[in-house]
Amino acid sequence: IITPPEKKIPPPIAVLSPARLAQLKSKACLASIYTPAGSNAYWELHDHIAQLEADLGVTQAMLLERRGHGSGGEGIKASEAMLRRKQARDPHHVYHVTTVAARMAHRMGVHEKAQRYHNVSCRVKKLLLQFNLKGLWVGNNGKDNSGPPAPIVLLQASAKKWGTKRLPRYPGKRQTAEPGYKNPKYLKGQLVDIGSEEYFSFAWILLEHRIFFGHPSPELTIKVLKEGGGDSLTAGTGNNIPSFGTSINQG
């Protein structure tokens with residue numbers, strides 16, 4: 001008797017909503033203009049910018065010593081142009097510059113220009129993890145004594161695992177509390193960008209404690225919500241989280 005080969009059931013195809021498709025398209029467009037923060041390409045760009053700034057400083061100092069005599073002016077112009085091109089690819093730099101420029105233009109009463117700067121600032125902000133932590137995250141506790149907020153340099157094996165050789169850190173505050181949610185208060189700490197939209201960590205400096213956050217799988221998300229996690233979620237002032245019995249039209 002010849003048994004027919006077992007049919008393999010293809011995995012279900014994820015159907016993305018129009019809003020999600022638009023979001024992915026917008027992000028892909030931004031990534032073609034700016035180098036995604038936290039990636040290896042970003043750190044290479046960061047190092048190149050730092051080297052250009054150092055070289056430009058040395059060249060300007062040498063030209064100043066010669067009191068402007070001799071060649072060098074054209075070289076400085078070329079270096080400055082290259083530096084501006086590289087900085088235009090750095091989302092952190094563009095966000096800082098356009099945010100400051102928008103505020104200055106607004107104070108000067110040049111509102112149209114202020115709005116243009118503000119639009120660029122809001123657009124590039126989407127590439128910076130520290131401003132995009134919406135959604136559900138699950139955390140694991142651990143100990144941390146990594147020191148001041150300079151980028152963490154990873155060993156080769158860790159860099160290969162996480163897809164980046166450095167992890168930037170940003171100062172901030174996060175709430176802590178004693179068991180039973182007693183004596184809640186905000187303490188200073190550091191947000192660590194793991195170089196991916198899927199993970200980040202927050203470390204409390206004084207407590208030498210950190211929590212590693214990651215986006216849960218769809219299965220874990222449903223489990224958390226079914227076990228009562230949904231009761232602690234909010235959908236904004238005046239809005240409620242739909243229950244599992246709520247239809248799509250009702251939600």
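Index from 1, following the sequence.
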(message) Is any side-chain heavy atom of Gln87 closer than 4.5 Å to one of Glu53?
(response) yes
(request) Could you walk me through whether Lys185 and Thr176 pass the side chain to side chain contact (heavy atoms under 4.5 Å, CB included) test, one step at a time? (result) CA-CA 6 Å; Lys185 55 185 174 181; Thr176 62; 4.2 Å; yes
(request) Mind checking ring-ring contact (aromatic ring centres under 6.0 Å, His included) for His46 and listing every partner two or more places apart, or none if nothing turns up? (result) Trp43
(request) Locate the shortest heavy-atom distance separating Tyr186 from Gln175; write the atom from each residue and the value. (result) CD2-N, 3.4 Å
(request) Using the side chain to side chain contact (heavy atoms under 4.5 Å, CB included) rule, take Lys165 and Leu154 through it: C-alpha gap first, then chi angles, then the decisive distance, then the call. (result) CA-CA 5 Å; Lys165 54 188 177 182; Leu154 299 179; 5.6 Å; no
(message) Tell me if a side-chain donor or acceptor on Thr59 pairs with a main-chain N or O of Asp55 at a distance below 3.5 Å.
(response) yes
(request) Can you measure from CG (Asp90) to NE2 (His48) and round to the nearest 0.5 angstrom? (result) 13.0 Å
(request) Say whether Asp47 and Gln51, considering side chains only, have a donor N or O and an acceptor N or O under 3.5 Å apart. (result) no
(message) What's the separation between atom CZ in Arg210 and atom CG in Leu191, rounded to the nearest 0.5 Å?
(response) 13.5 Å
(request) Locate the shortest heavy-atom distance separating Trp204 from Leu187; write the atom from each residue and the value. (result) CD1-CB, 3.7 Å
(request) Report the distance from atom CG of Leu167 to atom CD of Gln190, rounding to the nearest 0.5 Å. (result) 12.0 Å
(message) Could you see if Val120 belongs to whatever hydrophobic cluster contains Val110? Use Ile, Leu, Val, Met, Phe, Trp, Tyr and a side-chain cutoff under 4.5 Å.
(response) no
(request) Please confirm whether the backbone N or O of Ile33 pairs with a side-chain atom of Arg89, one donor and one acceptor, at under 3.5 Å? (result) yes
(request) Would you name the heavy atoms of Ala37 and Leu128 that are closest together and state the gap between them? (result) CB-CD2, 4.1 Å
(request) Assign the ring pair Phe213 / Phe200 to parallel, tilted or perpendicular, where the plane angle (0 to 90°) is split at 30° and 60°. (result) parallel
(message) Looking at every non-hydrogen atom in both residues, tell me the closest pair between Ser79 and Leu56 and how far apart they are.
(response) CB-CD1, 3.8 Å
(request) Going by the side chain to side chain contact (heavy atoms under 4.5 Å, CB included) test, name the single residue among Met82, Glu80, Arg84 that passes it with Leu52. (result) Met82
(message) Let me confirm one number: the CZ-OG distance from Arg116 to Ser121, rounded to the nearest 0.5 Å.
(response) 14.5 Å
(request) Working to the nearest 0.5 Å, report the span between OH of Tyr117 and NE2 of His106. (result) 15.5 Å
(message) Tell me if the centroids of the rings in Tyr42 and His92 come within less than 6.0 Å of each other.
(response) yes
(message) Quick check: is Tyr95 connected to Val97 through a chain of hydrophobic side chains (ILVMFWY, heavy atoms under 4.5 Å apart)?
(response) no
(message) To the closest 0.5 Å, what do you measure between OH (Tyr34) and CZ (Arg123)?
(response) 5.0 Å
(request) Test side chain to side chain contact (heavy atoms under 4.5 Å, CB included) on Ile49 and Leu83 and set out the steps. (result) CA-CA 6 Å; Ile49 288 174; Leu83 178 60; 3.9 Å; yes
(request) Could you pull out the closest heavy-atom pair between Val94 and Ala88, with the gap in Å? (result) CG2-O, 3.7 Å
(message) I need the minimum non-hydrogen distance between His118 and Ala102, along with the two atoms involved.
(response) N-CB, 3.8 Å
